[in-house]
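Okay, so here's the structure we're looking at.
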Amino acid sequence: MGEDLGKVKKQIEELRDKIRYHNHLYYVLDNPEISDYKYDNLMNQLIDLEAKHQELITPDSPTRRVGAQPIAAFGTITHTIPMLSLNNSYSIEELRTFDLRVRRSLSLDEVQYISELKIDGLAVSLIYEGGQFVRGATRGDGFVGEDVTHNLRTIRSIPLRLSGEFSHLDLEVRGEVYMSLKDFQRLNEEKVSVGEEPFANPRNAAAGSLRQLDPRITANRRLNIFLYGIAYVRGKEFSTHWEELEFLRKAGFVVNPESKLSSDIKDVISFCEHWGDMRDRLPYEIDGIVVKVDSLVQQERLGFTAKGPRWAIAYKFPPKQVKTRVKDIIIQVGRTGALTPLALLEPVEVAGSIVSKATLHNEDYIKEKNIRIGDMVIIQKAGDIIPEVVKVLKDERQGNEDPFKMPDICPVCGGEVSRSDGEATKRCLNISCAARLKESLIHFASRDAMDIEGLGPATANQLIDAGLIHDAGDLYHLNEEMLLKLERMGDKSVENLLKAIEESKGRDFSRLLIGLGIRHVGKEGAQLLARHFKSIETLKSATFEELKKIHEIGDVIANSIVSFFKEERNLYLIQKLKEVGVKMGIEDSTELSTKELPFEDKVFVLTGKLETLTRGEAQKRIEELGGKVSSNVSKKTDFVVVGEEPGLKYDRALELGVTILKEPKFLELLDKPIEKKAVRLSFSTLLE
DNA sequence: GCACCTCGAGTTCA
DNA sequence: CTCGAGGTGC
């Protein structure tokens with residue numbers, strides 16, 4: 001009996017190896033001779049055997065790719081190293097500027113670049129522990145993504161287990177999940193044949209497939225992946241990006257074969273131009289070229305900005321352009337009173353979606369492009385998302401097109417409109433303008449502000465039109481009876497909305513500040529103010545001079561804050577909010593969200609005298625940012641901050657190889673929110 | 001006074 | 001995502 005089992009085990013192992021080899025040929029070597037039929041055949045044999053001998057099923061068996069049950073919802077995964085996005089460039093000229101900046105910063109005449117095709121899919125991160133694929137996540141906002149492990153397992157080009165010398169490794173790699181044009185067409189034909197809406201483009205199809213709760217659906221969608229980067233490989237060091245790509249290939253991942261190493265920007269540019277012409281011949285869609293500095297040492301020296309690495313840039317191909325007609329131009333009034341002209345267009349399809357509107361920004365923009373109502377225009381999607389009018393086809397004018405004139409009064413309230421010096425926008429000055437109130441309310445409830453779920457533009461409109469509320473303060477006096485009268489408001493939505501409103505009372509102080517809508521005070525500014533003033537009372541009584549003392553706050557912002565608190569209407573609103581129990585200050589130290597805690601769980605030791613801060617202040621700042629200060633250097637210490645005349649702790653830090661921060665660098669980390677993300681990055685790398 | 005970098009505000013569609 | 005404007009540092 002035992003012998004039989006051994007035999008079956010061997011048989012199963014053989015089948016698994018054959019299937020893996022098949023996958024390798026199909027995906028890695030892209031061999032067209034490989035048939036799906038043979039794959040299915042092998043898989044079926046394996047499934048049968050495993051069904052009979054369930055004790056022999058291992059987590060890396062190819063059958064496990066499809067075995068998972070549907071899940072109820074996606075979990076989230078915090079990336080150990082953030083998945084930052086890249087700066088974009090839309091012209092060859094910008095590539096040259098990029099090159100100049102890189103070489104100037106490095107003080108080098110020559111820099112090696114790697115150019116890679118930019119696959120139009122969605123970025124994911126794959127985590128392996130002990131050579132096993134254990135978790136995978138989408139990019140999300142770069143810091144926290146969705147756990148899509150169950151769906152990634154169905155992608156046959158993702159090895160469930162690394163083989164040979166890699167079989168024990170812990171690593172995290174980054175790649176782009178995409179759907180080939182062939183599979184995209186096949187999928188859409190299928191969808192249409194069963195009466196469903198087809199996907200607009202392969203990227204949407206890939207994204208939609210990866211976000212399926214049921215992995216069996218994903219498995220049928222034939223997703224694919226190219227790996228292009230390494231977050232870390234425990235115990236391994238690389239010196240160039242090219243080496244990283246080589247490693248990925250050897251470890252069994254699929255790396256795009258078209259990457260190219262160049263020793264000057266001219267070569268990079270011709271690579272971009274070449275693929276700009278040839279992109280249609282590829283079996284998958286690309287939307288540009290990613291250019292990276294090859295040397296990792298140089299990458300580190302260049303560092304990051306808030307937007308992304310300074311050592312890489314994405315060259316985007318010119319977007320698809322489409323012709324349509326401007327049916328009309330209307331005016332929208334924003335919460336700050338800004339009058340924004342909006343072109344209503346004859347609906348057309350552009351890059352996978354139907355476009356019927358495009359912003360015209362302001363009157364100068366219209367004048368400069370000479371846009372008239374009735375004109376035929378060329379439109380495109382900037383960054384593949386936001387429609388914009390590129391130019392007017394003047395040759396096609398019939399003579400009956402109307403020039404557009406910005407109104408001299410507010411189209412909503414009829415109030416006075418003005419355009420102050422140097423400003424591009426005209427604004428309605430009436431602080432009680434219905435449009436402004438409405439927009440302010442929407443802003444108050446929005447995600448970055450008080451985050452009241454269920455209170456979007458539509459509901460806000462209903463509430464105001466029904467006369468139920470006049471400002472944000474009234475929200476907190478709504479009750480069931482009032483809401484049930486509204487259209488499309490059932491028991492459930494009323495209950496949810498009231499609950500959401502109630503919950504918003506306890507939102508962080510900074511969110512309230514965003515919600516109030518003080519001009520020039522957004523997310524960052526509000527957090528800055530909340531940290532400095534701690535309560536609405538202290539902020540209200542702050543003088544222009546006090547405000548200006550704060551780093552990042554200049555004349556304009558200080559002025560705007562002071563005048564906000566002089567306005568009767570605003571004081572009244574604050575009063576009302578306070579009365580109903582909305583939180584008006586920082587009450588405890590938990591207010592800083594994880595995003596602002598770049599020093600979380602990091603242990604600092606201070607030694608020597610600092611020039612700009614006292615010990616106490618430095619300690620306070622570190623703790624505010626989530627770090628701990630300890631008095632002795634040990635293996636657990638992450639950073640030693642060194643001032644003038646450092647003591648023995650400095651020697652001990654050198655001994656233990658703890659990272660040493662001199663004062664200027666330390667201050668930079670404390671002060672510059674931008675650098676914080678980069679700090680997180682180096683933390684994680686240091687942990688390895 | 002200029003160059004550079006951030007942030008705020010407005011925006012579209014599925 | 002982009003534009004414009006604010007703030008800072010050279």
Side-chain angles (χ1 to χ4, degrees), chain A residues 85-90 97 100-101 104-105 197-201 203-205 207-208 211 287 303-308 310 314 316 319 330-345 347-362 364-365 368 379-390 419-427 435-436 439-440 442-443 446 448-449 457 513-529 547-561 664 668 671-677:
Chain A
S85 50
L86 297 176
N87 285 308
N88 289 325
S89 66
Y90 296 94
T97 317
L100 282 178
R101 183 151 44 201
R104 203 181 55 204
S105 312
E197 272 295 298
F199 282 110
N201 53 53
R203 189 192 38 211
N204 284 358
R211 296 198 73 263
D287 59 346
F304 295 82
T305 69
K307 278 203 72 185
R310 269 191 268 263
K316 294 272 205 152
I330 61 166
I331 297 289
Q332 301 188 125
V333 182
R335 107 189 124 80
T336 62
L339 304 194
T340 315
L342 183 73
L344 299 185
L345 308 166
V348 272
E349 201 205 296
V350 195
S353 63
I354 308 286
V355 171
S356 58
K357 294 180 235 178
T359 179
L360 299 176
H361 304 294
N362 53 57
D364 291 350
Y365 186 90
E368 190 197 308
I379 62 169
Q380 68 180 20
K381 284 211 228 159
D384 259 0
I385 312 258
I386 316 271
E388 70 178 2
V389 174
V390 183
R419 183 175 168 176
S420 43
D421 298 335
E423 262 221 331
T425 36
K426 267 191 177 176
R427 289 177 198 279
R436 293 187 60 176
E439 295 297 323
S440 304
I442 296 168
H443 174 74
S446 68
D448 284 346
L513 289 179
I514 299 175
L516 290 176
I518 306 169
R519 279 259 267 148
H520 301 120
V521 176
K523 214 172 166 175
E524 303 295 324
Q527 283 171 3
L528 205 61
L529 292 174
L547 286 162
K548 265 211 68 169
K549 270 193 214 139
I550 301 171
H551 196 70
E552 312 276 81
I553 294 193
D555 289 355
V556 180
I557 299 182
N559 219 334
S560 155
I561 295 167
E668 204 181 311
D671 261 342
K672 278 202 183 161
I674 341 145
E675 296 290 335
K676 285 177 192 160
K677 289 166 192 165

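Proteins come first, then strands; the chains are lettered A, B, ... in the order of their sequence lines, and each starts at number 1.
In the set B:dG10, C:dG6, B:dC5, B:dG10 carries the atom at the smallest distance from any side-chain atom of A:T336. Comparing C:dT8, B:dG10, C:dC1 by their nearest atom to the side chain of A:H551 picks out C:dT8. For A:K523, whose side chain is taken as the heavy atoms from C-beta onward, the closest listed nucleotide among C:dC1, B:dC4, B:dG8 is B:dG8.
Mapping A:G517 and A:R101 onto DNA chain B by nearest heavy atom places A:R101 at the nucleotide closer to the 5' end.
For A:R101, there are no salt bridge (charged side-chain N to carboxylate O under 4.0 Å, His left out) partners at least two apart in sequence or on another chain. Shown here are the side-chain contact (heavy atoms from CB on, under 4.5 Å) partners of A:S560, two or more places apart in sequence or in another chain: A:I518, A:R519, A:H520. With sequence neighbours left out, the side-chain contact (heavy atoms from CB on, under 4.5 Å) criterion links A:D448 to A:K523. Every residue meeting the side-chain contact (heavy atoms from CB on, under 4.5 Å) condition with A:A205, not counting sequence neighbours, appears here in chain and number order: A:M179, A:F184, A:L187, A:F199. Residues passing the side-chain contact (heavy atoms from CB on, under 4.5 Å) test with A:L100 are A:R103, sequence neighbours excluded.
Distance, A:I514 CD1 to B:dA9 P: 10 Å, rounded to whole Å. For the pair A:I553 CD1 and C:dT8 P, the computed distance is 9 Å after rounding to whole Å. What separates CG of A:D364 from C1' of C:dC3 is a distance of 13 Å, to the nearest Å. Straight-line distance from the CG atom of A:L516 to the P atom of B:dG8: 15 Å, rounded to whole Å. For A:K548 and C:dT8, the NZ to P distance is 8 Å, given to the nearest whole Å. B:dG10 atom P lies 10 Å from atom CZ of A:R436, rounded to whole Å. In this structure, CD1 of A:I557 is placed 10 Å from C1' of B:dT6, rounded to the nearest angstrom.
Although no hydrogens or angles enter the test, the distance criterion places a donor-acceptor pair under 3.5 Å between the side chain of A:H443 and the main chain of A:I514.
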Between protein and nucleotides 12-14 of chain B, what N or O pairs are separated by less than 3.5 Å?
from   : atom 1 : to     : atom 2 : distance (Å)
B:dC13 : OP1    : A:S356 : N      : 2.8
B:dC13 : OP1    : A:K357 : N      : 3.3
B:dA14 : OP1    : A:I354 : N      : 3.3

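Distance check: A:K426 NZ to A:L339 CG gives 7.5 Å after rounding to the nearest 0.5 Å.
In terms of phosphate contacts, A:T425 brings no side-chain nitrogen or oxygen within less than 4.0 Å of OP1 or OP2 of C:dG4. Checking the phosphate oxygens (OP1, OP2) of B:dA9, a side-chain nitrogen or oxygen of A:R335 falls inside 4.0 Å.
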